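Worksheet for the structure shown next.
Because only heavy atoms are used, hydrogens play no part in the values below, and waters and symmetry mates are left out as well, while side chains stay in. Throughout, a chain's letter reflects where its sequence line sits, starting with A, and its residues are numbered from 1. Note that the structure is predicted; figures quoted are calculated from it, not measured.
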Protein chains: 2
Amino acid sequence: MSSKKRTTIHDIAKKLDITASTVSRALKDHPRISDATKELVIKTAKEMNYQPNSIAAALRRGTSNLIGVIIPNIDRNFFASVVRGVEDVLNDTNYNVIICQSNDSLEKEKSNIKALLEAQVDGIFASYAKETTDFSHFEDIVNRGIPLILFDRMQDVFNVDAVVIDDYLGAYKATEHLIEQGCERIVHFAGPENVSIYRDRRRGYEEAMKRSHLSVDEDLIIHSDLKLESGKRLAEEILEWNELPDAIFSASDYAAMGAMEVFKKHDIEIPQDIAVVGFSNESFTSLIDPGLTSVDQHSKKMGQFTANLFLDRLKDKSKDHTPTKTVLNPELIIRGSSLKKVEQPQDQKIEPEHINT
Amino acid sequence: MSSKKRTTIHDIAKKLDITASTVSRALKDHPRISDATKELVIKTAKEMNYQPNSIAAALRRGTSNLIGVIIPNIDRNFFASVVRGVEDVLNDTNYNVIICQSNDSLEKEKSNIKALLEAQVDGIFASYAKETTDFSHFEDIVNRGIPLILFDRMQDVFNVDAVVIDDYLGAYKATEHLIEQGCERIVHFAGPENVSIYRDRRRGYEEAMKRSHLSVDEDLIIHSDLKLESGKRLAEEILEWNELPDAIFSASDYAAMGAMEVFKKHDIEIPQDIAVVGFSNESFTSLIDPGLTSVDQHSKKMGQFTANLFLDRLKDKSKDHTPTKTVLNPELIIRGSSLKKVEQPQDQKIEPEHINT
DNA sequence: GTGAAAGCGCTAACAA
DNA sequence: TTGTTAGCGCTTTCAC
């Protein structure tokens with residue numbers, strides 16, 4: 001009783017003694033079908049509990065209205081939020097979103113792409129796996145004529161549409177803010193030098209220091225894996241110094257938080273004694289006390305821009321598009337951990353710059 | 001040049017001067033095709049850069065190999081983790097997963113179901129929206145003969161396969177643990193009484209108290225929305241009491257964390273003066289200092305069980321199955337916030353009980 | 001071991 | 001305004 005045969009447009013047509021094409025058109029609100037027929041068809045469809053078969057339509061039209069999104073990890077706040085942004089935009093269209101996780105594995109990423117391609121997706125948005133250095137599987141997508149847009153992570157070697165964030169600028173803003181608060185001896189918790197985002201963040205820090213005529217002291221730049229535990233360890237080390245720094249700009253919220261915990265335990269006041277700024281605006285930054293000032297990467301906006309870029313691409317499909325790199329402007333979210341002076345309004349600008357490459 | 005026509009099995013057939021059916025069979029490793037032909041076909045397919053069209057296959061077979069998962073929110077750790085569990089299991093099959101978000105909205109939930117049904121999914125796993133009280137749109141799924149499994153949230157009024165967690169038991173374990181640590185005046189931060197999970201957690205708390213011959217003092221049960229701010233507010237109130245409690249069992253990690261912050265600020269030692277236990281094992285519980293003891297809901301396991309239940313259902317499709325309720329055993333994750341005595345090994349049992357309803 | 005042929009449910013020229 | 005017809009790419013029964 002549960003799985004009786006599904007109703008098709010032919011069933012409706014037979015019942016109404018018209019043809020399937022008329023039913024199809026009526027359901028699609030085709031302009032050249034009489035209102036009477038439309039009404040009748042729609043009514044009967046409802047009565048017969050008709051459910052369109054989008055697979056059949058997709059096969060016929062050659063377009064699935066499916067968009068594949070490949071992310072390293074669904075349970076990382078940042079990516080979840082990007083997906084939200086994508087869906088925000090695509091919900092108003094008739095595209096549906098399929099999400100795949102690569103778990104930062106190259107193999108999984110390849111099989112994800114294979115599955116999406118087989119599902120005849122109309123576009124793929126991806127943030128590639130950490131393992132990925134060869135992009136031939138991504139090139140396959142482009143070669144098949146399917147729009148591909150990379151977000152968050154990108155490589156200059158592989159020229160394709162991309163939406164990324166300006167890590168350099170984020171770090172610059174963070175450091176500048178600390179300087180405005182009166183800090184001069186600012187420690188930077190830096191990440192591995194072989195990862196481009198960490199190099200960029202370090203550059204941003206250094207540049208902000210220089211612009212304010214503060215010396216860049218190599219001793220104040222400490223490299224680590226930026227995990228919570230490292231933050232704790234580094235804070236312990238700093239406490240041994242002859243002269244304490246007056247601020248820390250960490251390239252990761254986790255390391256920043258670890259350091260804050262150690263400082264608090266040693267009764268060092270934050271931000272009075274040492275101000276702290278992190279990076280990524282992880283959700284816990286607003287939960288802890290004091291709140292951790294951090295650089296927001298506009299994850300949701302990133303998703304929205306990615307989806308919109310895709311929709312734009314569709315319009316000038318004919319034209320042979322040059323890949324566009326959209327760089328989002330990060331936003332400094334100021335919280336208690338860095339606010340030595342009077343409160344100040346938040347910077348709310350998030351306009352992206354478009355750079356043709 | 002980019003979007004040339006895709007190769008089909010007919011193209012391969014023509015090139016090899018055989019028929020499409022042979023190609024299809026060779027690609028599917030059909031037993032009655034000679035090894036020579038198979039090899040040849042596979043080789044040529046690769047050469048011609050053939051990509052199967054799973055949509056066409058789906059239409060023909062009447063099964064899409066797509067599973068739809070509906071969750072309230074992708075950026076809630078718990079749900080993201082459930083999805084991971086689902087994928088863990090389904091990755092080894094030829095099912096692919098489509099994720100939809102309802103944003104806890106009934107309307108969105110309905111449209112998600114519509115989209116999934118149109119995509120001809122072979123099954124739907126869902127955690128319904130908070131707004132949902134009428135389940136007719138879910139009944140539609142069942143009536144169409146498509147397997148539906150609810151997870152996390154469920155209603156006894158709607159009899160369908162479900163995988164849930166035992167909130168009562170989780171609360172019981174948490175309270176029992178506090179009692180074992182020597183606590184007697186245990187405050188319970190309770191949630192809204194109209195939500196079943198909060199009622200269950202309260203019952204677990206009360207039962208554990210009674211079993212240990214401790215009185216259940218209504219004054220120690222405080223209701224709120226369980227947000228971080230409420231936790232702070234309640235902690236401030238508690239500090240005004242004549243006699244401080246020796247522990248708090250909060251039905252939410254957020255409220256627990258808020259309280260911890262206030263206590264720490266007032267130099268109340270955790271866990272020595274007041275022990276704290278939360279619920280949900282949110283990711284921040286292991287980040288803060290001391291770590292917050294919490295009840296883990298086995299989100300990943302929940303996803304795995306859901307997927308496995310689906311696979312089981314497929315086997316006895318003929319048989320008219322009675323809905324099964326799978327209740328997962330929550331696990332208490334013990335951290336610094338409640339550990340007054342010597343360290344003890346963690347309870348690792350996570351075996352579910354199967355209860356036929 | 002392979003071929004022929006039909007058809008999944010829908011759409012879209014082309015006709016009328 | 002509606003009907004006719006063909007076919008998207010694949011699978012599968014029935015032949016041989």
N/O (side chain, [X]) to phosphate O (OP1/OP2, [N]) under 4.0 Å:
X       : N      : result
B/Tyr50 : D/dG9  : no
A/Thr19 : D/dT4  : no
B/Ser24 : D/dT11 : yes

**Request:** Could you tell me whether A/Ser54 contacts a base, only the sugar-phosphate backbone, or nothing, with contacts defined as non-hydrogen atoms closer than 4.0 Å?
**Result:** nothing
**Message:** So if I take the C1' atoms of five pairs at each end of the helix from C/dG1-D/dC16 to C/dA16-D/dT1 and get each local axis, what angle do the two axes make, rounded to 10 degrees?
**Reply:** 30°
Mind calculating the distance between [atom1] ([X]) and [atom2] ([N]) to the nearest angstrom?
X        : N      : atom1 : atom2 : result
B/Arg6   : D/dC10 : CZ    : P     : 11 Å
A/Glu118 : D/dC10 : CD    : P     : 10 Å
B/Ile33  : D/dT11 : CD1   : P     : 13 Å
A/Arg60  : D/dC10 : CZ    : P     : 16 Å
A/Asn53  : D/dC10 : CG    : P     : 17 Å

**Asked** Which residue lies toward the 5' end of DNA chain C, A/Leu59 or B/Ile18, if each is placed at its nearest nucleotide?
**Response** B/Ile18
**Message:** Taking the nucleotide of DNA chain C with the nearest heavy atom to each, does B/Arg61 or B/Asp17 sit closer to the 5' end?
**Reply:** B/Asp17
State, without any angle test, whether [X] and [Y] hold a side-chain donor-acceptor pair at a distance under 3.5 Å.
X        : Y        : answer
A/Asn112 : A/Ser102 : no
A/Gln51  : A/Arg6   : no
A/Ser21  : A/Ser24  : no
A/Arg313 : A/Thr324 : yes
A/Arg84  : B/Asn73  : yes

Any carboxylate oxygen within less than 4.0 angstrom of a Lys/Arg side-chain nitrogen, looking at [X] and [Y]?
X        : Y        : value
B/Lys14  : B/Asp11  : no
A/Asp104 : A/Arg153 : yes
A/Lys43  : A/Glu39  : no

**Asked** Quick one: which of B/Ile9, B/Ile33, B/Thr8 gives a side-chain contact (heavy atoms from CB on, under 4.5 Å) with B/Val23?
**Response** B/Ile9
**Asked** Does the side chain to side chain donor-acceptor pair (under 3.5 Å) test come out yes or no for A/Ser105 and A/Asn103, once each step is laid out?
**Response** CA-CA 5 Å; A/Ser105 136; A/Asn103 294 330; over 6 Å; no
**Message:** I'd like to know whether the aromatic ring centres of A/Phe125 and A/Phe151 sit less than 6.0 Å apart in this structure.
**Reply:** no
**Fill in**
First and last nt of DNA chain C near chain A, cut-off under 4.0 Å to heavy atoms, 5' to 3', are C/dG9 to C/dA13
Please enumerate all protein N or O atoms sitting under 3.5 Å from an N or O of nucleotides 13-16 of chain D, with distances to 0.1 Å.
from, atom 1, to, atom 2, distance (Å)
D/dT13, O4, B/Arg25, NH1, 3.2

